[in-house]
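Worksheet for the structure shown next.
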2 protein chains.
Amino acid sequence: MRTPRSADDVFAALADPTRRELLTAIGARGSATATALASDVPVTRQAIVKHLGVLDEAGLVSGQRHGREVRYAVRTQRLTEAARWLEARAAEWDARLERIKRLAEGG
Amino acid sequence: MRTPRSADDVFAALADPTRRELLTAIGARGSATATALASDVPVTRQAIVKHLGVLDEAGLVSGQRHGREVRYAVRTQRLTEAARWLEARAAEWDARLERIKRLAEGG
DNA sequence: TGTTTACGCAACCCTCGGGTTGCACGTACC
DNA sequence: GGTACGTGCAACCCGAGGGTTGCGTAAACA
(Lines give C-alpha, C1' and ligand atoms only; values in the text may rest on other atoms or scores of the structure.)
Protein backbone atom coordinates (compact mmCIF):
# COMPACT_ATOMS: atom_id res chain seq x y z
CA MET A 1 0.00 0.00 0.00
CA ARG A 2 1.21 3.43 -0.91
CA THR A 3 1.48 6.04 1.78
CA PRO A 4 -1.16 8.66 0.97
CA ARG A 5 0.24 12.05 0.01
CA SER A 6 -1.12 13.76 3.08
CA ALA A 7 0.59 11.38 5.50
CA ASP A 8 3.91 12.85 4.43
CA ASP A 9 2.84 16.34 5.40
CA VAL A 10 1.12 15.29 8.60
CA PHE A 11 3.97 13.26 10.03
CA ALA A 12 6.54 15.78 8.88
CA ALA A 13 4.49 18.49 10.60
CA LEU A 14 4.18 16.48 13.80
CA ALA A 15 7.88 15.68 13.80
CA ASP A 16 8.87 19.08 15.14
CA PRO A 17 8.48 19.53 18.91
CA THR A 18 7.79 23.25 18.56
CA ARG A 19 4.93 22.53 16.19
CA ARG A 20 3.43 19.99 18.57
CA GLU A 21 3.73 22.60 21.31
CA LEU A 22 1.95 25.06 19.07
CA LEU A 23 -0.85 22.60 18.42
CA THR A 24 -1.18 22.08 22.16
CA ALA A 25 -1.16 25.82 22.81
CA ILE A 26 -3.75 26.54 20.14
CA GLY A 27 -5.87 23.66 21.38
CA ALA A 28 -5.67 25.01 24.93
CA ARG A 29 -6.72 28.47 23.83
CA GLY A 30 -9.37 27.25 21.46
CA SER A 31 -7.93 29.58 18.86
CA ALA A 32 -4.99 31.97 18.79
CA THR A 33 -2.99 34.42 16.71
CA ALA A 34 0.69 34.05 15.88
CA THR A 35 1.50 37.03 18.07
CA ALA A 36 -0.36 35.56 21.04
CA LEU A 37 1.36 32.20 20.56
CA ALA A 38 4.72 33.94 20.74
CA SER A 39 4.21 34.18 24.50
CA ASP A 40 3.55 30.43 24.78
CA VAL A 41 6.59 29.23 22.91
CA PRO A 42 10.20 30.41 23.23
CA VAL A 43 10.65 31.45 19.61
CA THR A 44 10.03 34.51 17.48
CA ARG A 45 6.66 35.33 16.01
CA GLN A 46 8.21 34.87 12.58
CA ALA A 47 9.26 31.35 13.44
CA ILE A 48 5.72 30.68 14.62
CA VAL A 49 4.32 32.06 11.39
CA LYS A 50 6.48 29.61 9.46
CA HIS A 51 5.35 26.74 11.65
CA LEU A 52 1.71 27.73 11.25
CA GLY A 53 2.30 27.69 7.52
CA VAL A 54 3.57 24.11 7.72
CA LEU A 55 0.69 23.05 9.96
CA ASP A 56 -1.78 24.72 7.63
CA GLU A 57 -0.21 23.00 4.63
CA ALA A 58 -0.64 19.70 6.44
CA GLY A 59 -4.25 20.51 7.17
CA LEU A 60 -3.69 20.40 10.92
CA VAL A 61 -4.64 24.00 11.46
CA SER A 62 -6.71 26.64 9.73
CA GLY A 63 -6.48 30.41 9.97
CA GLN A 64 -9.24 32.94 9.63
CA ARG A 65 -8.77 36.65 9.29
CA HIS A 66 -10.64 39.08 11.55
CA GLY A 67 -9.70 42.64 10.78
CA ARG A 68 -5.99 42.95 11.21
CA GLU A 69 -5.45 39.69 13.03
CA VAL A 70 -5.51 36.06 11.95
CA ARG A 71 -6.87 33.49 14.38
CA TYR A 72 -5.79 29.87 14.01
CA ALA A 73 -7.74 26.84 15.21
CA VAL A 74 -6.83 23.15 15.27
CA ARG A 75 -8.37 20.88 12.65
CA THR A 76 -8.67 17.40 14.11
CA GLN A 77 -9.63 15.44 11.03
CA ARG A 78 -6.12 14.87 9.66
CA LEU A 79 -4.99 14.01 13.15
CA THR A 80 -7.48 11.19 13.47
CA GLU A 81 -6.68 10.07 9.93
CA ALA A 82 -3.03 9.77 10.87
CA ALA A 83 -3.97 7.87 14.02
CA ARG A 84 -6.07 5.46 11.95
CA TRP A 85 -3.17 4.95 9.54
CA LEU A 86 -0.82 4.05 12.38
CA GLU A 87 -3.30 1.67 13.95
CA ALA A 88 -3.98 -0.04 10.65
CA ARG A 89 -0.26 -0.61 10.03
CA ALA A 90 0.30 -1.85 13.54
CA ALA A 91 -2.58 -4.32 13.28
CA GLU A 92 -1.45 -5.45 9.83
CA TRP A 93 2.11 -6.14 10.91
CA ASP A 94 1.06 -7.74 14.15
CA ALA A 95 -1.11 -10.18 12.23
CA ARG A 96 1.68 -10.98 9.77
CA LEU A 97 4.21 -11.63 12.50
CA GLU A 98 1.70 -13.85 14.28
CA ARG A 99 1.19 -15.86 11.12
CA ILE A 100 4.93 -16.26 10.59
CA LYS A 101 5.35 -17.31 14.18
CA ARG A 102 2.72 -20.03 13.83
CA LEU A 103 4.37 -21.30 10.65
CA ALA A 104 7.77 -21.36 12.32
CA GLU A 105 6.34 -23.45 15.14
CA GLY A 106 5.44 -26.03 12.54
CA GLY A 107 1.72 -25.58 12.89
CA MET B 1 0.15 18.19 29.18
CA ARG B 2 3.74 17.42 28.38
CA THR B 3 4.55 15.42 25.29
CA PRO B 4 6.14 12.17 26.52
CA ARG B 5 9.80 11.78 25.65
CA SER B 6 9.17 8.88 23.31
CA ALA B 7 6.68 10.76 21.17
CA ASP B 8 9.51 12.98 20.01
CA ASP B 9 11.47 10.02 18.72
CA VAL B 10 8.47 8.24 17.24
CA PHE B 11 7.13 11.18 15.25
CA ALA B 12 10.59 12.26 14.21
CA ALA B 13 11.23 8.71 13.01
CA LEU B 14 7.94 8.57 11.12
CA ALA B 15 8.57 11.94 9.53
CA ASP B 16 11.00 10.57 6.96
CA PRO B 17 9.37 8.91 3.92
CA THR B 18 12.28 6.52 3.47
CA ARG B 19 11.87 5.31 7.03
CA ARG B 20 8.15 4.75 6.54
CA GLU B 21 9.00 2.82 3.38
CA LEU B 22 11.44 0.76 5.38
CA LEU B 23 8.81 0.00 7.99
CA THR B 24 6.45 -1.07 5.24
CA ALA B 25 9.12 -3.20 3.59
CA ILE B 26 10.12 -4.88 6.85
CA GLY B 27 6.48 -5.43 7.71
CA ALA B 28 5.86 -7.00 4.29
CA ARG B 29 8.81 -9.35 4.68
CA GLY B 30 8.07 -10.14 8.30
CA SER B 31 11.70 -9.46 9.05
CA ALA B 32 14.65 -8.35 6.96
CA THR B 33 18.34 -7.42 6.98
CA ALA B 34 19.72 -4.04 5.96
CA THR B 35 21.31 -5.59 2.90
CA ALA B 36 18.02 -7.15 1.80
CA LEU B 37 16.19 -3.89 2.33
CA ALA B 38 18.66 -2.16 0.03
CA SER B 39 16.81 -3.77 -2.89
CA ASP B 40 13.47 -2.40 -1.69
CA VAL B 41 14.51 1.18 -1.29
CA PRO B 42 16.54 3.39 -3.65
CA VAL B 43 19.32 4.22 -1.20
CA THR B 44 22.59 2.72 -0.04
CA ARG B 45 22.79 0.01 2.58
CA GLN B 46 24.64 2.46 4.78
CA ALA B 47 21.80 4.93 4.61
CA ILE B 48 19.43 2.12 5.54
CA VAL B 49 21.62 1.18 8.48
CA LYS B 50 21.38 4.76 9.73
CA HIS B 51 17.61 4.75 9.31
CA LEU B 52 17.32 1.45 11.14
CA GLY B 53 19.32 3.01 13.93
CA VAL B 54 16.82 5.83 14.20
CA LEU B 55 13.87 3.44 14.06
CA ASP B 56 15.50 1.27 16.70
CA GLU B 57 16.13 4.30 18.90
CA ALA B 58 12.45 5.18 18.59
CA GLY B 59 11.48 1.63 19.53
CA LEU B 60 9.77 1.06 16.19
CA VAL B 61 12.04 -1.75 15.15
CA SER B 62 14.28 -4.30 16.82
CA GLY B 63 17.25 -6.17 15.40
CA GLN B 64 18.47 -9.64 16.28
CA ARG B 65 21.76 -11.14 15.22
CA HIS B 66 21.90 -14.56 13.58
CA GLY B 67 25.44 -15.49 12.67
CA ARG B 68 26.77 -12.79 10.43
CA GLU B 69 23.46 -11.17 9.65
CA VAL B 70 21.10 -8.97 11.64
CA ARG B 71 17.38 -9.39 11.06
CA TYR B 72 15.06 -6.51 11.91
CA ALA B 73 11.38 -6.81 12.77
CA VAL B 74 8.72 -4.15 13.35
CA ARG B 75 7.67 -3.45 16.91
CA THR B 76 4.08 -2.29 16.90
CA GLN B 77 3.69 -1.13 20.49
CA ARG B 78 5.10 2.36 20.05
CA LEU B 79 3.11 2.71 16.88
CA THR B 80 -0.17 2.09 18.66
CA GLU B 81 0.95 4.35 21.50
CA ALA B 82 1.51 7.16 19.01
CA ALA B 83 -1.88 6.48 17.48
CA ARG B 84 -3.52 6.69 20.89
CA TRP B 85 -1.74 9.97 21.58
CA LEU B 86 -3.06 11.48 18.35
CA GLU B 87 -6.59 10.28 19.00
CA ALA B 88 -6.55 11.62 22.54
CA ARG B 89 -5.43 15.06 21.38
CA ALA B 90 -7.96 15.13 18.59
CA ALA B 91 -10.80 14.19 20.93
CA GLU B 92 -9.65 16.71 23.54
CA TRP B 93 -9.50 19.61 21.10
CA ASP B 94 -12.73 18.63 19.41
CA ALA B 95 -14.49 18.76 22.76
CA ARG B 96 -12.97 22.12 23.61
CA LEU B 97 -13.95 23.69 20.31
CA GLU B 98 -17.44 22.31 20.68
CA ARG B 99 -17.71 23.91 24.13
CA ILE B 100 -16.49 27.26 22.84
CA LYS B 101 -18.90 27.09 19.97
CA ARG B 102 -21.85 26.50 22.33
CA LEU B 103 -20.74 29.43 24.49
CA ALA B 104 -20.43 31.69 21.45
CA GLU B 105 -23.96 30.79 20.42
CA GLY B 106 -25.08 32.20 23.76
CA GLY B 107 -26.18 28.88 25.17
C1' DT C 1 42.92 -21.79 3.04
C1' DG C 2 40.95 -18.59 -0.05
C1' DT C 3 36.81 -16.27 -1.44
C1' DT C 4 32.62 -14.41 -0.85
C1' DT C 5 29.30 -11.93 1.64
C1' DA C 6 27.19 -9.15 5.47
C1' DC C 7 28.17 -6.01 8.63
C1' DG C 8 30.46 -1.84 11.20
C1' DC C 9 33.05 2.41 11.38
C1' DA C 10 34.52 6.87 9.76
C1' DA C 11 34.90 10.79 7.01
C1' DC C 12 32.80 13.72 4.03
C1' DC C 13 29.22 16.50 1.12
C1' DC C 14 25.33 19.25 0.77
C1' DT C 15 20.66 20.35 1.16
C1' DC C 16 16.83 21.49 4.10
C1' DG C 17 14.64 23.87 7.44
C1' DG C 18 14.27 26.08 12.03
C1' DG C 19 15.48 30.41 13.74
C1' DT C 20 16.68 35.20 13.50
C1' DT C 21 16.64 40.33 12.21
C1' DG C 22 14.92 44.24 9.64
C1' DC C 23 11.51 46.63 7.42
C1' DA C 24 7.20 47.69 4.91
C1' DC C 25 2.14 47.59 4.96
C1' DG C 26 -2.46 47.68 6.65
C1' DT C 27 -5.83 48.11 10.25
C1' DA C 28 -7.56 49.81 14.63
C1' DC C 29 -7.98 53.45 17.86
C1' DC C 30 -7.21 58.21 19.80
C1' DG D 1 -4.64 63.24 11.07
C1' DG D 2 -1.06 60.49 14.01
C1' DT D 3 0.23 56.45 16.62
C1' DA D 4 0.36 51.79 17.93
C1' DC D 5 -0.16 47.15 16.98
C1' DG D 6 -0.53 42.77 14.11
C1' DT D 7 0.90 40.83 9.70
C1' DG D 8 3.64 39.88 5.68
C1' DC D 9 7.89 39.62 3.06
C1' DA D 10 12.85 38.94 2.39
C1' DA D 11 17.41 38.02 3.39
C1' DC D 12 20.44 35.69 6.07
C1' DC D 13 22.76 32.24 9.51
C1' DC D 14 23.80 27.72 10.77
C1' DG D 15 23.34 23.16 12.52
C1' DA D 16 21.17 18.67 11.79
C1' DG D 17 20.77 14.88 9.26
C1' DG D 18 20.08 12.15 4.92
C1' DG D 19 23.10 10.38 1.66
C1' DT D 20 27.47 8.85 -0.16
C1' DT D 21 32.16 6.47 -0.62
C1' DG D 22 35.92 3.81 1.23
C1' DC D 23 37.80 0.48 3.98
C1' DG D 24 38.29 -2.92 7.61
C1' DT D 25 36.47 -7.13 9.91
C1' DA D 26 34.14 -11.34 10.67
C1' DA D 27 31.33 -15.24 9.41
C1' DA D 28 29.95 -18.77 5.84
C1' DC D 29 31.29 -22.02 2.39
C1' DA D 30 34.10 -24.24 -1.42
Side-chain angles (χ1 to χ4, degrees), chain A residues 3 5-26 29-74 78, chain B residues 3 5-26 29-74 78:
Chain A
T3 298
R5 170 76 180 79
S6 62
D8 262 67
D9 300 338
V10 173
F11 286 125
L14 291 174
D16 188 83
T18 304
R19 278 195 290 266
R20 288 203 305 280
E21 268 189 67
L22 282 178
L23 281 179
T24 304
I26 298 173
R29 288 170 176 268
S31 73
T33 67
T35 304
L37 289 168
S39 64
D40 292 340
V41 163
V43 295
T44 312
R45 173 185 63 91
Q46 287 305 329
I48 293 177
V49 168
K50 285 191 190 178
H51 283 310
L52 288 175
V54 175
L55 290 170
D56 186 20
E57 196 74 15
L60 294 176
V61 118
S62 73
Q64 195 169 359
R65 178 148 221 140
H66 291 106
R68 67 175 166 177
E69 65 180 22
V70 182
R71 303 200 67 82
Y72 286 86
V74 178
R78 288 289 162 77
Chain B
T3 297
R5 170 75 180 80
S6 62
D8 262 67
D9 299 338
V10 173
F11 287 125
L14 290 174
D16 188 83
T18 303
R19 280 196 288 268
R20 288 203 305 280
E21 269 190 66
L22 282 179
L23 281 180
T24 304
I26 297 173
R29 288 170 176 266
S31 73
T33 67
T35 304
L37 289 167
S39 64
D40 292 341
V41 162
V43 295
T44 311
R45 173 185 64 91
Q46 287 305 328
I48 293 177
V49 169
K50 285 191 190 177
H51 283 309
L52 289 176
V54 175
L55 291 170
D56 186 20
E57 196 74 14
L60 294 177
V61 117
S62 74
Q64 196 169 359
R65 178 150 222 137
H66 290 107
R68 68 173 167 177
E69 65 180 21
V70 181
R71 303 200 67 82
Y72 286 86
V74 178
R78 288 288 162 76

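We find that OH of B:Tyr72 is positioned 6 Å from P of C:dG8, with the value rounded to whole Å. Taking atom NE2 of B:His66 as the reference point, atom P of D:dA28 lies 12 Å away to the nearest angstrom. Taking atom CD of B:Glu69 as the reference point, atom P of D:dA26 lies 18 Å away to the nearest angstrom. With rounding to whole Å, A:Leu52 atom CG is found 12 Å from D:dT7 atom C1'. Rounded to whole angstrom, the span from the CD1 atom of B:Ile48 across to the P atom of D:dT21 amounts to 13 Å. Atom NZ of B:Lys50 is separated from atom P of C:dC12 by 13 Å (rounded to the nearest Å). At whole-Å resolution of the value, CD in B:Glu57 and C1' in D:dG17 are 14 Å apart. Rounding to whole angstrom units, CG of residue B:Asp16 and P of C:dC16 are separated by 14 Å.
Among A:Val70, A:Leu60, A:Ile26, the single residue meeting the side-chain contact (heavy atoms from CB on, under 4.5 Å) criterion with A:Leu52 is A:Ile26.
A sub-4.0 Å separation between OP1 or OP2 of C:dG19 and a side-chain N or O of A:Thr18 is present. Using a 4.0 Å cut-off, some side-chain N or O of B:His51 falls inside it from OP1 or OP2 of D:dG19. In this structure, A:Thr44 reaches the C:dT20 phosphate: one of its side-chain N or O atoms is under 4.0 Å from OP1 or OP2. At C:dA6, none of the side-chain N or O atoms of B:Arg71 fall inside 4.0 Å of OP1 or OP2 (strictly under the cut-off).
Looking at heavy-atom distances under 4.0 Å, B:Val70 makes contact with sugar-phosphate atoms alone, never a base. Counting any heavy atom pair closer than 4.0 Å across all strands shown, A:Gln46 reaches a base atom.
In this structure, B:Thr44 contributes its side chain and B:Ala47 its backbone to no donor-acceptor pair below 3.5 Å. Although no hydrogens or angles enter the test, the distance criterion places no donor-acceptor pair under 3.5 Å between the side chain of B:Arg71 and the main chain of B:Thr33.
A salt bridge is defined here as a Lys NZ or Arg NE, NH1 or NH2 lying under 4.0 Å from an Asp or Glu carboxylate O, and A:Glu21 with A:Arg19 fails to meet this definition. No salt bridge links B:Asp9 with B:Arg78; every basic N to acidic carboxylate O contact stays at or beyond 4.0 Å.
DNA chain C is contacted by both A:Arg45 and A:Pro42; A:Pro42 maps to the nucleotide lying nearer its 5′ end (nearest heavy atom per residue).
Taking every side-chain heavy atom of A:Arg65 into account, D:dG8 is the closest of D:dG8, C:dA6, C:dG19. Taking the side chain of B:Val43 as heavy atoms from C-beta on, and the options C:dA6, C:dT20, D:dG19, the nearest nucleotide is D:dG19. For B:Arg68, counting side-chain heavy atoms from C-beta on, the closest listed nucleotide (D:dG18, D:dT7, C:dA6) is C:dA6.
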